[in-house]
Engineer: 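After the structure tokens below, expect a handful of questions from me.
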Amino acid sequence: MVVTLLYYRMPQQKQRVWLLLIASCYFYMSFVPKYLLILAGTIVIDYVAGIVIGSSEGRKRKAWLTVSIIVNVGILVFFKYTNFFLDTVAPAIKPLFPHAHIPYLDIVLPIGLSFHTFQAMSYTIEVYRGKQPPERNFIVYALYVMFYPQLVAGPIERPQNILPQLHERKEYKWDNVKEGLARMLWGFFKKVVIADRLSLVVDYAYGHTGLSPWAMWVGAMFYSFQIYCDFSGYSDIALGAARVMGVKLMENFKQPYISRSITEFWTRWHISLSSWFRDYVYIPLGGSRKSEIRRKINVFIVFLLSGIWHGANFTFIIWGMLHGLLVTLLPNRGSKKARLWSAVLFGIINFLVVTLCWVFFRAQSVGVAISYLKGMFAIGKGVTFYGLNTMEMWLCVLLVGILMVREYKFRRHLIRSDAGFAAYCAVMVAACYFLGVFGENQFIYFQF
């Protein structure tokens with residue numbers, strides 16, 4: 001609120017850029033202050049690389065692009081995967097060297113590392129391809145990487161969208177403020193009211209044994225909505241906070257659970273990441289320009305890398321591989337001409353398949369995931385309890401219903417009437433205050 005008010009009081013765009021960069025640094029330092037130095041180091045390297053790439057030819061351009069990618073990927077791999085690698089190789093080394101001590105590094109993962117690393121890489125790659133002129137203003141480029149609304153959990157932006165907006169002085173528009181605040185409130189509602197309340201059921205289901213298959217199915221399906229409301233809720237807050245200042249970020253979700261195939265699902269879920277892998281991995285690998293077998297291999301590689309991107313755990317790798325297999329083996333039923341009953345049927349089937357895959361994403365280990373899946377299909381009795389009383393469970397169901405209606409029928413966030421906007425704000429604030437679950441539940445994607 002303070003930053004936005006100061007933002008509109010400053011007459012020059014240069015002053016606004018400085019303000020947003022300082023605010024972004026303060027925001028990032030509120031987690032682990034010293035990690036700002038890592039981010040600053042990569043920003044300097046990528047800034048220089050972009051200028052050299054833009055003014056050079058031949059091998060020098062490729063060399064600087066390689067330096068930029070190695071630095072960014074190297075930092076990501078070190079912080080995110082070092083201990084995972086050590087834990088993986090330790091069982092193989094121990095029999096050969098029984099007295100060897102495998103160190104475990106005391107590393108805290110910088111928040112949002114995967115997001116701003118990919119955003120920085122997209123800049124140097126686009127400059128190398130000639131689709132983006134190098135940014136000469138260091139402060140503007142630093143803000144492109146560090147813009148606080150989407151710094152820690154996306155969406156992963158492209159330089160063509162953000163950099164021009166950072167040079168343009170945005171005039172104050174009441175409609176932008178209304179649209180941004182309304183979207184932020186909807187994002188808060190999805191997070192603290194829906195996602196965090198559903199997490200009570202999900203945590204109980206994954207934390208207890210002896211539950212009935214129905215209870216485990218409910219826990220798994222609630223997790224599908226929990227992770228959607230948690231992640232898309234953050235995206236709504238990010239897009240809303242930027243919109244208040246006149247900046248337009250890309251959409252990251254488009255009703256993914258109405259998809260009729262896994263392929264369509266990935267055109268609607270985490271769009272900024274899906275499009276990033278498409279443009280910078282799938283197409284360079286050959287895309288669909290070669291044989292059908294090669295295309296499927298390329299798709300599988302993309303989803304494998306997507307699983308690895310999400311976390312240093314075999315559960316994420318298996319989750320990515322499952323989606324890769326489903327996309328390559330199952331038909332794409334994304335036609336808009338499908339009959340209603342067919343769309344509903346395949347939509348339900350697709351949701352259930354996605355829900356089963358989410359089990360690996362949510363579980364702490366592969367063993368836990370397999371055990372949970374076995375419980376979902378077990379024949380026999382168990383305890384049918386969800387961790388909440390009947391009234392609270394019906395509230396969860398009602399909230400999912402409100403989500404579906406709001407997301408699929410009323411997609412606009414701009415409320416033209418000032419009275420209607422004020423009423424909406426009052427209702428949403430009251431709903432968050434009285435129905436919200438306020439604990440220590442961070443946004444799920446902060447860990448990535």
Engineer: Which class fits the ring pair Phe231 and Tyr445: parallel under 30°, tilted 30 to 60°, perpendicular over 60°?
Structural biologist: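 Rings of Phe231 and Tyr445: parallel, under 30°.
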Engineer: Establish, from distance only, whether the side-chain atoms of Gln160 and Glu126 form a donor-acceptor pair under 3.5 Å.
Structural biologist: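 Checked: Gln160/Glu126 side chains pair up, N/O donor to acceptor below 3.5 Å.
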Engineer: Before we go on, tell me: are the rings of Tyr280 and Phe118 under 6.0 Å apart, centre to centre?
Structural biologist: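 Centroid separation for Tyr280 and Phe118: 6.0 Å or greater.
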Engineer: Can you tell me how far apart CG (Asn350) and CZ (Arg260) are? Round to the nearest 0.5 Å.
Structural biologist: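 Reported value, rounded in 0.5 Å steps: 10.0 Å.
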Engineer: Only one of Val281, Leu285, Thr328 forms a side chain to side chain contact (heavy atoms under 4.5 Å, CB included) with Asn298, so which one is it?
Structural biologist: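 The passing option is Leu285.
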Engineer: Can the ring centres of Phe84 and Phe314 be said to be less than 6.0 Å apart?
Structural biologist: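 Ring centres of Phe314 and Phe84 closer than 6.0 Å.
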Engineer: Can a side-chain donor-acceptor contact be found between Asp46 and Ser68 if the only test is distance below 3.5 angstrom?
Structural biologist: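 There is such a pair between these side chains.
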Engineer: Under 30°, 30 to 60°, or over 60°: which ring-plane class applies to Tyr47 and Tyr141, parallel, tilted or perpendicular?
Structural biologist: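 Aromatic pair Tyr47/Tyr141 classed tilted.
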Engineer: Mind checking whether Tyr148 and Tyr26 have ring centres under 6.0 Å apart?
Structural biologist: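 No, the ring centres sit 6.0 Å or more apart.
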Engineer: Could you check whether the rings of Phe115 and Trp309 sit parallel, tilted or perpendicular, using 30° and 60° as the cut-offs?
Structural biologist: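 Ring orientation, 0 to 90° scale: perpendicular.
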Engineer: Should the ring pair Phe361 and Trp358 be called parallel, tilted or perpendicular, given that the plane angle runs from 0 to 90° and is split at 30 and 60?
Structural biologist: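 Ring orientation of Phe361 relative to Trp358: perpendicular.
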Engineer: Mind telling me whether Tyr206 and Tyr372 have parallel, tilted or perpendicular rings, with 30° and 60° as the class edges?
Structural biologist: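 Judged by the thresholds at 30° and 60°, the geometry between Tyr372 and Tyr206 is parallel.
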Engineer: About how many Å separate NE2 of His208 and CG of Asp203, when rounded to the nearest 0.5 Å?
Structural biologist: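 The NE2 atom of His208 is 10.5 Å from CG of Asp203, to the nearest 0.5 Å.
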Engineer: Asp236 and salt bridge (charged side-chain N to carboxylate O under 4.0 Å, His left out): which partner among Arg411, Arg183, Lys191, Arg243?
Structural biologist: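 Single salt bridge (charged side-chain N to carboxylate O under 4.0 Å, His left out) partner of Asp236 among Arg411, Arg183, Lys191, Arg243: Arg183.
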Engineer: Kindly say whether the aromatic ring centers of Trp269 and His323 come within a distance under 6.0 Å.
Structural biologist: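 They do not qualify: ring centres at least 6.0 Å apart.
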